[in-house]
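Just below is one structure, and these are the notes that go with it.
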Amino acid sequence: MAESTHEKILRVVRRIPRGRVATYGQVSKLAGFARQPRLAGYALRHADDTVPWQRVVNAAGRISPRADPDSIPRQRLILEAEGIQFSATGVVDLKRYQWRPRRR
DNA sequence: CGTCTGACGATAT
DNA sequence: TATATCGCCAGAC
């Protein structure tokens, strides 16, 4: 069985530790798909509860909007429960919270 | 099997 | 600084 694109993406997302976030672009790059941030978004859309999808935010440090408007406050609450703070404008400070993997 | 659709971001103009 | 272009996966129908 060849590993699918989505599986590679999800494998990376599962490495993001609690209390940290990664961007779509970062995830896709680590999975071997540089400059294809959409692939990370596509994969997360189909992700189940075995993957910490809430730890992926966009390059601006904001939660990416989806069909369900309630998904934003919902994701935010989970991240805050993990210790991540949001600015008054709803932005995560990537300088402070972005995941920096050691190797691979 | 063709078309549509959905968690993005670097680059060009 | 703002808007357009492009890359190109996978499930639903």
Side-chain angles (χ1 to χ4, degrees):
Chain A
M1 276 291 279
E3 186 179 40
S4 72
T5 297
H6 282 191
E7 290 172 321
K8 290 177 181 174
I9 294 285
L10 297 181
R11 172 174 300 179
V12 172
V13 176
R14 276 190 273 258
R15 293 177 54 209
I16 307 172
R18 181 186 176 79
R20 308 243 80 182
V21 297
T23 66
Y24 293 93
Q26 177 183 11
V27 168
S28 61
K29 183 178 180 180
L30 287 171
F33 302 101
R35 293 172 215 85
Q36 299 303 321
R38 287 192 102 153
L39 298 187
Y42 291 147
L44 284 182
R45 187 169 189 287
H46 299 289
D48 54 35
D49 57 2
T50 67
V51 44
W53 52 267
Q54 71 276 13
R55 296 175 190 156
V56 183
V57 298
N58 64 34
R62 298 185 99 290
I63 293 172
S64 285
R66 335 180 191 172
D68 177 8
D70 205 46
S71 63
I72 292 182
R74 187 166 66 241
Q75 181 172 354
R76 175 172 174 160
L77 284 173
I78 299 174
L79 290 178
E80 290 180 323
E82 295 190 350
I84 290 174
Q85 302 184 317
F86 285 72
S87 73
T89 51
V91 176
V92 172
D93 183 356
L94 294 179
K95 294 286 186 190
R96 182 178 178 185
Y97 297 109
Q98 184 167 36
W99 173 46
R100 297 176 189 69
R102 295 283 180 157
R103 52 189 166 237
R104 265 179 228 279

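Reckoned from all heavy atoms, side chains included, excluding hydrogens, waters and symmetry mates. A, B, ... follow the sequence lines: proteins, then strands. Residue 1 opens every chain.
One can place CZ of A/R45 at 11 Å from P of C/dG11, the figure rounded to the nearest angstrom. Atom CD of A/Q98 and atom C1' of B/dG9 are 14 Å apart (whole Å). The separation between A/Y42 atom OH and B/dC4 atom C1' is 11 Å, rounded to whole Å. Taking atom CZ of residue A/F33 and atom P of nucleotide C/dC6, one finds them 22 Å apart after rounding to whole Å. Residue A/R38 contributes atom CZ, which lies 8 Å from atom C1' of B/dG6 at whole-angstrom precision. When rounded to the nearest whole Å, the span between NZ of A/K8 and P of C/dC8 equals 14 Å. When rounded to the nearest whole Å, the span between CD1 of A/I63 and C1' of B/dG6 equals 18 Å. Atoms NE2 (A/H6) and C1' (C/dA10) sit 5 Å apart, rounded to a whole Å.
In the region residues 18-29 of chain A, proximity to DNA chain B at under 4.0 angstrom, judged on heavy atoms, holds for A/T23, A/Y24, A/G25.
Between C/dG11, B/dC8, C/dC9, one nucleotide has an atom nearer to the side chain of A/H46 than all others, and that is C/dG11. Which of B/dG9, C/dG7, C/dC9 sits closest to the side chain of A/Q36 comes down to C/dG7.
Listed for the A/R20 side chain is a donor-acceptor partner under 3.5 Å among the backbone atoms of A/R96. Between the side chain of A/Q75 and the backbone N or O of A/Q54, at least one donor-acceptor pair lies under 3.5 Å.
Within the 4.0 Å cut-off from OP1 or OP2 of C/dC9, not a single side-chain nitrogen or oxygen of A/S4 is found.
Side-chain contact between A/L10 and A/D48: absent, with no pair of heavy atoms (C-beta onward) separated by less than 4.5 Å. At a threshold of 4.5 Å between non-hydrogen side-chain atoms, the residues A/T50 and A/R14 count as touching. Proximity of A/L79 to A/Y97: side-chain heavy atoms (C-beta onward) are nowhere separated by under 4.5 Å.
No more than 12 heavy atoms of other residues, nucleotides or ligands shown are found within 6.0 angstrom of CZ on A/R11.
A single hydrophobic cluster is seen to contain both A/V56 and A/F33, as judged by linkage of ILVMFWY side chains at heavy-atom distances under 4.5 Å, directly or through other members.
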With pairs defined as Watson-Crick or G-U wobble and both distances under 3.5 angstrom, please note down DNA chain B as a dot-bracket string, | for pairing with another strand. .|||||.||||||

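Interatomic distance, A/I84 CD1 to A/R55 CZ, rounded to the nearest 0.5 Å: 8.0 Å.
Counting any heavy atom pair closer than 4.0 Å across all strands shown, A/A47 reaches no nucleic acid atom.
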Evaluate side chain to side chain contact (heavy atoms under 4.5 Å, CB included) for A/W99 paired with A/Q26, printing each intermediate quantity in order. CA-CA 9 Å; A/W99 173 46; A/Q26 177 183 11; 4.1 Å; yes

